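Report on one structure; see the data block that follows.
Because the structure is predicted, anything quoted here is derived from the model rather than measured. Chain letters run A, B, ... following the sequence lines, proteins first, then strands; residues in each count from 1. Both backbone and side-chain heavy atoms feed into the values below; hydrogens, waters and symmetry mates do not.
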There are 2 protein chains.
Amino acid sequence: MEFVAAPRESVEEGPVFVPVERETVQDRVYGELRRALVSGLIEPGTVLTIRALADQLQTSTMPVREAIGRLVSENALEALPNRSVRVPPVTLARLDDLLRARAMIEGEAIALAAERIEARGTAAIRAILSEWDSVRDQAEREDFDREMTLNHRFHFEIYRHCGSAVLMPVIESLWLQSGPCIRAAALAFSATGEADTTHYHRTIVEALEAGDAGRARAALIADISRPFTTLRQRLTAA
Amino acid sequence: MEFVAAPRESVEEGPVFVPVERETVQDRVYGELRRALVSGLIEPGTVLTIRALADQLQTSTMPVREAIGRLVSENALEALPNRSVRVPPVTLARLDDLLRARAMIEGEAIALAAERIEARGTAAIRAILSEWDSVRDQAEREDFDREMTLNHRFHFEIYRHCGSAVLMPVIESLWLQSGPCIRAAALAFSATGEADTTHYHRTIVEALEAGDAGRARAALIADISRPFTTLRQRLTAA
DNA sequence: TCAAAGCAAGTGTGATCACAGATCAAAAAA
DNA sequence: TTTTTTGATCTGTGATCACACTTGCTTTGA
């Protein structure tokens with residue numbers, strides 16, 4: 001940290017002054033782990049050790065243990081009696097539990113959003129959908145992570161308008177907990193279910209534009225239920 | 001930490017072998033802060049510093065900063081851009097937000113519990129209520145913290161039966177966030193509203209015994225709304 | 001008298017070390 | 001061969017130190 005910061009008053013880069021981000025190492029570690037979890041990149045059941053992660057991320061143990069602590073208290077990671085920490089394994093009961101909670105809470109959030117969102121907001125959501133379309137058209141290869149990111153952005157761009165600072169972190173925690181389950185399901189489902197996905201998403205946007213909270217909620221629940229039920233069938237079969 | 005642990009196999013204290021609790025310092029610090037927050041002992045807006053807490057709790061800074069980190073990620077404490085941490089101030093918007101979220105989520109939890117709970121479970125809940133009655137009878141003085149603890153136990157003894165490992169931590173987080181608001185309201189309300197409280201609680205137990213999810217949910221929402229609306233009137237008046 | 005510069009105490013963050021408990025494999029006893 | 005014991009290694013926890021940033025007050029200059 002040797003570089004000299006410019007005086008705060010003389011910064012004239014943009015029209016609006018955004019406070020310069022002083023991201024801590026802990027925040028970066030947290031972000032990395034979070035990204036890996038919501039993307040389902042870490043196998044459920046995997047035990048995480050502080051020193052190994054610190055080596056991989058090229059830092060000391062300090063930021064890693066604090067990031068892990070945060071994730072544990074968000075229930076994104078599970079603390080074992082051994083005091084070690086692992087990605088929660090996927091069980092049938094947990095799957096149903098997560099889906100029920102998400103349907104209730106995210107359903108309520110989208111219903112609230114439907115009553116408050118303006119044309120400007122729905123336009124931003126449509127923009128995400130059309131970006132998604134273009135990705136799907138041009139990509140011969142399976143640009144899977146890209147689509148999962150777009151799905152994440154699509155949903156949270158909606159929830160952002162629910163006007164509840166209390167519900168938002170709850171929903172983020174639920175996504176974090178669903179992440180390890182979802183990826184497997186979504187991979188299995190991507191070929192067959194793409195048409196359904198886009199259909200639900202269009203229904204959601206239309207309902208939001210119409211201010212129809214009930215229809216938005218129903219379409220959302222159908223949308224988030226899909227990968228869960230797929231994974232459920234797969235687990236019961238095995 | 002010099003004392004020698006007894007061999008695990010030769011422990012024969014109780015009929016059921018509970019793993020001996022090896023509580024870390026961090027857990028104790030977390031518990032203390034948590035207790036103080038749900039009891040509303042810390043004024044909303046108060047800035048917490050690591051070293052000051054470490055001094056008060058007679059430990060080093062290490063366990064304190066990890067406990068604070070956990071509470072921040074549970075939204076029980078608020079991280080300021082200065083990187084300092086404070087108890088979230090109480091605003092009208094936040095109050096309404098919290099109440100709405102709690103009514104939805106705890107309402108769902110009690111509805112689930114009503115469908116699953118057995119006679120053994122409702123008996124345990126009734127036991128808490130009668131303990132509460134005896135406290136209320138014998139106490140000339142205002143045994144306020146005792147009553148808040150009993151209220152906490154009453155509610156969570158119910159939620160425990162909802163069968164959702166996902167909803168439980170969410171509800172605990174919501175109580176933690178409500179704590180600083182509730183105490184003020186409950187103190188103001190304790191004299192006038194006691195009859196209502198016991199009435200709602202009895203209704204809740206009866207509904208649970210009857211397996212009437214709807215009535216249980218309605219009574220619960222009435223119960224948790226009361227201190228919120230009291231505090232709301234007080235804030236709008238001021 | 002008032003504003004700006006400068007200094008000192010306070011605060012969070014990250015690194016490193018010490019240590020106890022856990023884990024696992026090799027060696028010893030049955 | 002099977003079981004127990006022992007030992008080395010790994011891992012989380014807590015303490016302490018260094019450092020950069022903030023904050024608040026004093027001092028200096030106009």
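- Across all strands shown, B:Glu66 has no heavy atoms under 4.0 Å from either base or sugar-phosphate atoms.
- DNA chain C is contacted by both A:Asn82 and A:Thr24; A:Thr24 maps to the nucleotide lying nearer its 5′ end (nearest heavy atom per residue).
- With hydrogens and angles ignored, a donor-acceptor pair closer than 3.5 Å exists between the side chain of B:Arg65 and the base of C:dG14.
- The backbone N or O of B:Met62 sits less than 3.5 Å from a side-chain atom of B:Ser60, completing a donor-acceptor pair.
- Computed from coordinates, the B:Arg83 CZ to C:dT11 C1' distance equals 12 Å when rounded to whole Å.
- In this structure, CG in A:Leu80 is found 4.0 Å from OG in A:Ser84, a value given to the nearest 0.5 Å.
- In this structure, B:Gln26 atom CD and D:dA15 atom P are separated by 11 Å, rounded to whole Å.
- With B:Thr229 contributing its side chain and B:Arg226 its backbone, the two residues share a donor-acceptor pair below 3.5 Å.
- The side chain of A:Met62 sits closest to C:dG14 out of D:dG14, C:dG14, D:dT13.
- Under the ring-ring contact (aromatic ring centres under 6.0 Å, His included) criterion, B:Trp175 pairs with B:His152, B:His155, B:Phe156, not counting sequence neighbours.
- Straight-line distance from the CD atom of B:Gln58 to the C1' atom of D:dG14: 16 Å, rounded to whole Å.
- Nearest to the side-chain atoms of A:Thr61 among the listed nucleotides C:dT16, D:dG12, D:dA15 stands C:dT16.
- In this structure, B:Leu80 places its CG atom 14 Å from C1' of D:dT23, rounding to the nearest Å.
- If you take CZ of B:Arg86 and P of D:dT23, they are 13 Å apart, rounded to a whole angstrom.
- Applying a 4.0 Å cut-off to non-hydrogen atoms, the residues of residues 46-54 of chain B that approach DNA chain C are B:Leu48, B:Thr49, B:Ile50, B:Arg51, listed by residue number.
- Distance, B:Arg28 CZ to D:dT13 C1': 12 Å, rounded to whole Å.
- Rounded to whole Å, atom C1' of C:dT13 lies 13 Å from atom CZ of A:Arg70.
- To the nearest 0.5 Å, the span separating CG on A:Leu112 from OH on A:Tyr159 amounts to 12.0 Å.
- Under 4.0 Å is where a charged nitrogen must lie from a carboxylate oxygen, and between A:Glu106 and A:Arg102 at least one such pair does.
- In this structure, A:Tyr30 has no ring-ring contact (aromatic ring centres under 6.0 Å, His included) partners at least two apart in sequence or on a different chain.
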